[in-house]
Amino acid sequence: EAQVTQNPRYLITVTGKKLTVTCSQNMNHEYMSWYRQDPGLGLRQIYYSMNVEVTDKGDVPEGYKVSRKEKRNFPLILESPSPNQTSLYFCASKKLAGFTGELFFGEGSRLTVL
Amino acid sequence: GESVGLHLPTLSVQEGDNSIINCAYSNSASDYFIWYKQESGKGPQFIIDIRSNMDKRQGQRVTVLLNKTVKHLSLQIAATQPGDSAVYFCAENIPNTGNQFYFGTGTSLTVIP
């Protein structure tokens, strides 16, 4: 089944404790992206990647890192999480890096930073 | 019924009625738009897209209308079903912003059986 898989789905952590949210897609998609979703603000893009070893900042990259060493994986790293990073995170992918095309989303990872 | 979707307004419709969900987008240069459906506890799901050189596009039970003059997008769902209950939001692509999509906050649709 074609899908985008995120782990963990739920996480409660404390300020400053490094964490990684993994994202994997099995559709051989070139483009992958991370978003955060907060009430009243909609989805905001954190980072995106147009292909292996190519990553770029989105609208809200501060406090996050990403890497794209393999086509299928695009982990989101919070080196020193803070409470303002409490949010619902979505990974998404699409076939090609051009602006058109359907974005496939994962099920989301709800992160709480105490 | 219809509503404007920028601050998560709600829309309730009777099963079998048509629904109209509206979206005011921000940038007159936006050239590509997508409607997404997000059910509770799930990730957004693609419904339909439209390029800026079109005014209308139809899918299965859904129609998207684009009015570039007033920067307005609408999603029409025909014969709304309980399974259509979800949050719906539009996304716009602004050229030369590096593959970024800008998402609205959505409209919550509730279908009354």
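So that the names make sense, note that chain A is the first sequence line, chain B the second, and so on, each numbered from 1. Because only heavy atoms are used, hydrogens play no part in the values below, and waters and symmetry mates are left out as well, while side chains stay in. Since we're looking at a predicted model, the values are computed, not measured.
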Are [Y] and [X] connected in a single hydrophobic cluster, I mean Ile/Leu/Val/Met/Phe/Trp/Tyr linked by side-chain heavy atoms less than 4.5 Å apart?
| X | Y | answer |
| --- | --- | --- |
| A:F74 | A:L111 | yes |
| A:Y48 | A:V54 | yes |
| B:Y32 | A:L103 | yes |

Counting only heavy atoms closer than 4.5 Å, note whether [X] contacts chain B via side chain, backbone, both or neither.
| X | result |
| --- | --- |
| A:Q37 | side chain |
| A:R9 | side chain |
| A:L41 | backbone |
| A:D38 | neither |

Review point. Which residue, B:Y102, B:F101, B:F89, B:Y36, forms the side-chain contact (heavy atoms from CB on, under 4.5 Å) with A:L43?
Key: B:F89

Review point. What pair of heavy atoms forms the shortest contact from A:F90 to B:Q38, and how long is it?
Key: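 In terms of heavy atoms, the two residues are closest at CZ-NE2, 3.2 Å.
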
Review point. How many angstroms lie between CD in A:E102 and CD1 in B:I48, if you round to the nearest 0.5 Å?
Key: 11.5 Å

Over 12 non-hydrogen atoms of neighbours within 6.0 angstrom of [atom1] in [X]:
| X | atom1 | answer |
| --- | --- | --- |
| A:R110 | CZ | no |
| A:K57 | NZ | no |
| A:K95 | NZ | no |
| B:I112 | CD1 | yes |

Revision key, fill the gap. Ranked by heavy-atom pairs below 4.5 Å to chain B, first place among A:C91, A:A92, A:G58, A:S33 goes to A:G58

Practice item. Carefully, step by step, assess A:K94 and B:F46 under the rule side-chain contact (heavy atoms from CB on, under 4.5 Å). Key: CA-CA 11 Å; A:K94 68 182 174 86; B:F46 175 95; over 6 Å; no

